[in-house]
Amino acid sequence: MISVDNLACLKQIALQGGISGSVLLNSQMLGKELGFSPQTASRRLKDLELAGLLERTLLPHGQEVTLTEAGTQILREEHAVYHQIFQSEPDEWVMLGAVTSGLGEGAYYIGLEPYCVQFRKNLGFRPYPGTLNIQLTPAGTKIRKSLHNSRMITIFGFESDGRTFGQVLCYPCTIEHIQCGIVIPGRSHYPDSLIEVIAPVQLREVFSLTDGDEVSVHVTV
């Protein structure tokens with residue numbers, strides 16, 4: 001876990017443009033902005049570099065610093081947490097995660113007609129037969145847990161050929177410009193850190209996704 005002081009350094013570097021490119025700074029300037037001594041600011045930068053959260057190039061009168069993707073990800077998660085804190089009744093959450101492979105069972109269940117009819121009625125689309133599995137970040141997992149207290153859509157179970165298919169809960173969401181839905185099977189034992197997303201199209205194909213790719217899921221509640 002990143003310390004409060006190191007997180008403050010990341011924020012300050014990002015505010016100066018360190019996400020989109022390199023910024024020129026020195027320890028004295030950074031320490032003044034954060035209330036640290038120049039020596040402490042220098043140690044913070046070294047810590048962040050060793051942790052792989054920033055890259056820096058030493059110059060005669062300072063250093064060029066750029067946040068790495070890992071450093072940027074920490075700030076994204078921090079943003080998601082603050083969004084949750086200050087929006088008492090938010091109409092949208094943003095969860096970050098990485099694409100992961102599932103067991104391949106989603107295509108069968110999502111393709112069952114009684115489910116499809118209800119998805120179309122409640123989400124506005126007939127889902128592609130399959131789900132996109134996403135492993136959430138710790139901040140995304142916290143948001144996922146909070147959804148239990150938000151309005152959810154119930155997709156009712158049914159019986160077919162002597163077999164019972166259970167109730168499913170879902171939440172409208174979007175990935176990029178595509179309307180989607182998070183589905184939570186009533187009998188699922190998935191951890192809160194893993195979600196299944198349905199959409200009218202094959203999301204892996206549309207966005208050229210492979211396992212490990214980062215995805216931002218916007219959840220409407």
Side-chain angles (χ1 to χ4, degrees), residues 73 76-77 80 83-84 87 89-221:
Q73 177 68 14
R76 290 195 188 104
E77 294 181 6
H83 187 277
Q84 182 177 358
Q87 296 290 330
E89 294 184 359
D91 56 6
E92 183 180 84
W93 300 106
V94 180
M95 298 190 295
L96 301 176
V99 174
T100 186
S101 293
L103 299 176
E105 298 177 346
Y108 171 71
Y109 290 102
I110 298 302
L112 293 172
E113 190 62 21
Y115 283 146
C116 285
V117 170
Q118 295 183 73
F119 284 132
R120 185 180 183 112
K121 177 181 178 181
N122 289 284
L123 297 177
F125 62 83
R126 184 182 181 89
Y128 172 86
T131 63
L132 179 69
N133 292 336
I134 299 174
Q135 186 71 44
L136 298 173
T137 63
T141 301
K142 291 179 182 179
I143 295 173
R144 160 70 177 82
K145 290 179 180 179
S146 74
L147 292 178
H148 286 303
N149 300 319
S150 304
R151 181 181 60 83
M152 62 187 71
I153 298 170
T154 299
I155 304 298
F156 296 100
F158 59 93
E159 291 186 4
S160 178
D161 297 328
R163 184 177 177 185
T164 300
F165 295 88
Q167 173 180 291
V168 176
L169 302 178
C170 66
Y171 301 91
C173 67
T174 58
I175 295 179
E176 297 290 343
H177 59 283
I178 295 178
Q179 186 66 39
C180 307
I182 295 173
V183 293
I184 306 173
R187 298 174 180 174
S188 172
H189 298 290
Y190 279 5
D192 288 325
S193 60
L194 185 65
I195 60 173
E196 293 184 271
V197 178
I198 60 173
V201 296
Q202 186 179 19
L203 293 170
R204 278 182 178 265
E205 181 177 300
V206 170
F207 296 118
S208 300
L209 296 172
T210 58
D211 283 3
D213 286 346
E214 182 182 286
V215 176
S216 176
V217 182
H218 297 249
V219 183
T220 304
V221 296

Which residues pass the ring pair (Phe, Tyr, Trp, His ring centres under 6.0 Å) test with F156, not counting sequence neighbours?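 F156 satisfies ring pair (Phe, Tyr, Trp, His ring centres under 6.0 Å) with no other residue.
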Under the ring pair (Phe, Tyr, Trp, His ring centres under 6.0 Å) test, which residues partner Y128, sequence neighbours left out?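 Result, ring pair (Phe, Tyr, Trp, His ring centres under 6.0 Å) vs Y128: none returned.
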Quick one: does F207's side chain get under 4.5 Å of I178's, heavy atoms only?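 Yes; the side chains approach each other to less than 4.5 Å.
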Counting C-beta onward and ignoring hydrogens, is there a side-chain heavy-atom pair between Q179 and P172 closer than 4.5 Å?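 Of all side-chain heavy-atom pairs linking P172 with Q179, at least one is under 4.5 Å.
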For [X] and [Y], which heavy atoms make the closest approach, and how far apart are they?
{"X": "C116", "Y": "I110", "result": "SG-O, 3.0 Å"}
{"X": "S101", "Y": "D211", "result": "OG-OD2, 2.6 Å"}
{"X": "C180", "Y": "A199", "result": "SG-CB, 3.8 Å"}
{"X": "C173", "Y": "V197", "result": "SG-CG1, 4.2 Å"}
{"X": "I198", "Y": "G130", "result": "CG2-O, 4.1 Å"}
{"X": "G140", "Y": "M95", "result": "O-SD, 3.5 Å"}

Applying side chain to side chain donor-acceptor pair (under 3.5 Å), name anything that partners T154, two or more places apart in sequence or on another chain. none
Can you list the residues that meet the salt bridge (charged side-chain N to carboxylate O under 4.0 Å, His left out) rule with [X], with sequence neighbours excluded?
{"X": "E214", "answer": "R76"}
{"X": "R120", "answer": "none"}
{"X": "E113", "answer": "R126"}

Before you tell me yes or no, could you show the steps for Y109 and V183 under side chain to side chain contact (heavy atoms under 4.5 Å, CB included), namely the whole-Å CA-CA distance, both residues' side-chain angles and the distance that decides it to 0.1 Å? CA-CA 11 Å; Y109 290 102; V183 293; over 6 Å; no
Which value, rounded to the nearest 0.5 Å, describes the distance between [X] atom [atom1] and [Y] atom [atom2]?
{"X": "I153", "Y": "I182", "atom1": "CD1", "atom2": "CD1", "answer": "11.0 Å"}
{"X": "I195", "Y": "T141", "atom1": "CD1", "atom2": "OG1", "answer": "9.0 Å"}
{"X": "R163", "Y": "L112", "atom1": "CZ", "atom2": "CG", "answer": "8.0 Å"}
{"X": "L209", "Y": "L203", "atom1": "CG", "atom2": "CG", "answer": "7.5 Å"}
{"X": "Q135", "Y": "L96", "atom1": "CD", "atom2": "CG", "answer": "13.0 Å"}
{"X": "E196", "Y": "C170", "atom1": "CD", "atom2": "SG", "answer": "12.5 Å"}

Using the ring of each side chain (for Trp, its six-membered ring), is F165 parallel, tilted or perpendicular to Y115, with breaks at 30° and 60°? perpendicular
Report the C-alpha separation of D213 and R204 in whole Å, then their side-chain angles, then the decisive distance to 0.1 Å, and conclude whether the side chain to side chain contact (heavy atoms under 4.5 Å, CB included) test is met. CA-CA 10 Å; D213 286 346; R204 278 182 178 265; over 6 Å; no
Derivation of the side chain to side chain contact (heavy atoms under 4.5 Å, CB included) call for V219 and I143: CA-CA 10 Å; V219 183; I143 295 173; 5.9 Å; no
